[in-house]
Amino acid sequence: MARQYADIYLRGLDEGCIAALVGYGYRLACVENLSNEFAEKARRLGLTVIRKRVFNPSSRSELLRSLHEINEVCVSVKPLSREALMTALRDRRVDTVILHGGIAEVDRHILQVWENAVELAVSELVECAGNVKGLRTLIAYCRKAVENEVPVAVSSGAASAAEILPPQQLAYVLAALTDLEAPVLNAVSTTPVTILRKDRK
Amino acid sequence: MSERLFRKKRRYILIEGPRDTQVFEALRDVFQRLYGVIGLAESGLRKVDVKGCLALACYKEWVPKVVLAVSLVREAAGQRTVLKTVKVSGTIKSLAEEIG
């Protein structure tokens, strides 16, 4: 059976994005600002679209307050503090933790509570490409995740159709950061598909 | 090690996007910022023209790193540019067939 590809993070969806996603062979997408009209258009072309909520909490209580009202959406957290990061990594209501340049450094305490999948968005990688410390931390998370068999999903984080990248290209991005030679295709297929197909009430 | 002493396998990466020569310069700059001059030399990164389209040649073990650099290019010749890979292949002929 052919692989199902999923882009787990798009900031918006329009006709150009739908055409690009279908053209690259994506079957699933997760969109932050989603209108019902485009969700229906995508569905007619064989692309299942799921709504996404992204939180940027700077404390544990702020994150818990945000998670309290969540229903039927994919929840991603971009933690702005170490405390929020540790809560996001272990709270079952969180689907993915978005890695970014300002994330707290990985250590044994973080490894102990790390249960949720992490998400590497290319848009975040572009933002922190000039920030050596941020890039080092991000690479450390990717390597630790692969080492400890924690699921990693790679997404484009695209805000427009031009920024949507083919699944193989996304898979190579993770391979480059983890020193692998072959593209990590599970990061754009099995892992995000499992996250998005999760039963939500 | 020299390619003439131990034959290293090359891979060719077909790129979708503007065919401007400045695109390759932008890509090489990003790659050099990430992996340095030694990386640039060891990767064997160079530009290849396949039926008028931009393709990159590099040694096999450097393919993910080159694709990472391709993904991080956001500007070329003062214009906003996003580069996408179409195909990675061991032969230029296969890339030419992809273009049709």
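The local environment of CZ in A/Arg60 is sparse, with at most 12 non-hydrogen atoms from other residues, nucleotides or ligands closer than 6.0 Å. Heavy atoms from other residues, nucleotides or ligands lying under 6.0 Å from CD of A/Glu149 number 12 at most. Within 6.0 Å of CZ in A/Arg53 there are 12 or fewer heavy atoms belonging to other residues, nucleotides or ligands. The environment of B/Gln79 atom CD is sparse: at most 12 non-hydrogen atoms of other residues, nucleotides or ligands sit within 6.0 angstrom. Around the CZ atom of B/Arg74, the shell of radius 6.0 Å holds more than 12 heavy atoms that belong to other residues, nucleotides or ligands. Around CD1 of B/Ile38, the count of heavy atoms belonging to other residues, nucleotides or ligands within 6.0 Å does not exceed 12.
Interatomic distance, CG of A/Asp179 versus NZ of B/Lys65, reported as 4.5 Å (0.5 Å rounding). Once rounded to the nearest 0.5 Å, the distance linking CD of A/Gln168 with NZ of B/Lys87 reads 11.0 Å. Interatomic distance, CG of A/Leu174 versus CG of B/Leu68, reported as 10.5 Å (0.5 Å rounding).
Between B/Leu83 and A/Leu165, the shortest heavy-atom contact is O-CD2, 3.9 Å.
Judged by distance alone, the side chains of B/Ser71 and A/Gln169 do bring a donor and an acceptor atom under 3.5 Å apart.
Neither the backbone nor the side chain of A/Pro183 comes within contact range of chain B; no heavy atoms are under 4.5 Å apart. For B/Arg33, no part lies near chain A; criterion is any non-hydrogen pair under 4.5 Å. With a threshold of 4.5 angstrom between heavy atoms, A/Leu170 does not approach chain B through any atom at all.
In terms of heavy-atom pairs under 4.5 Å with chain B, the best-connected choice from A/Ala162, A/Ala175, A/Ser156, A/Ala171 is A/Ala162.
Partner A/Tyr172 forms a side chain to side chain contact (heavy atoms under 4.5 Å, CB included) with one of B/Thr85, B/Val88, B/Ile13 and no other, that one being B/Val88.
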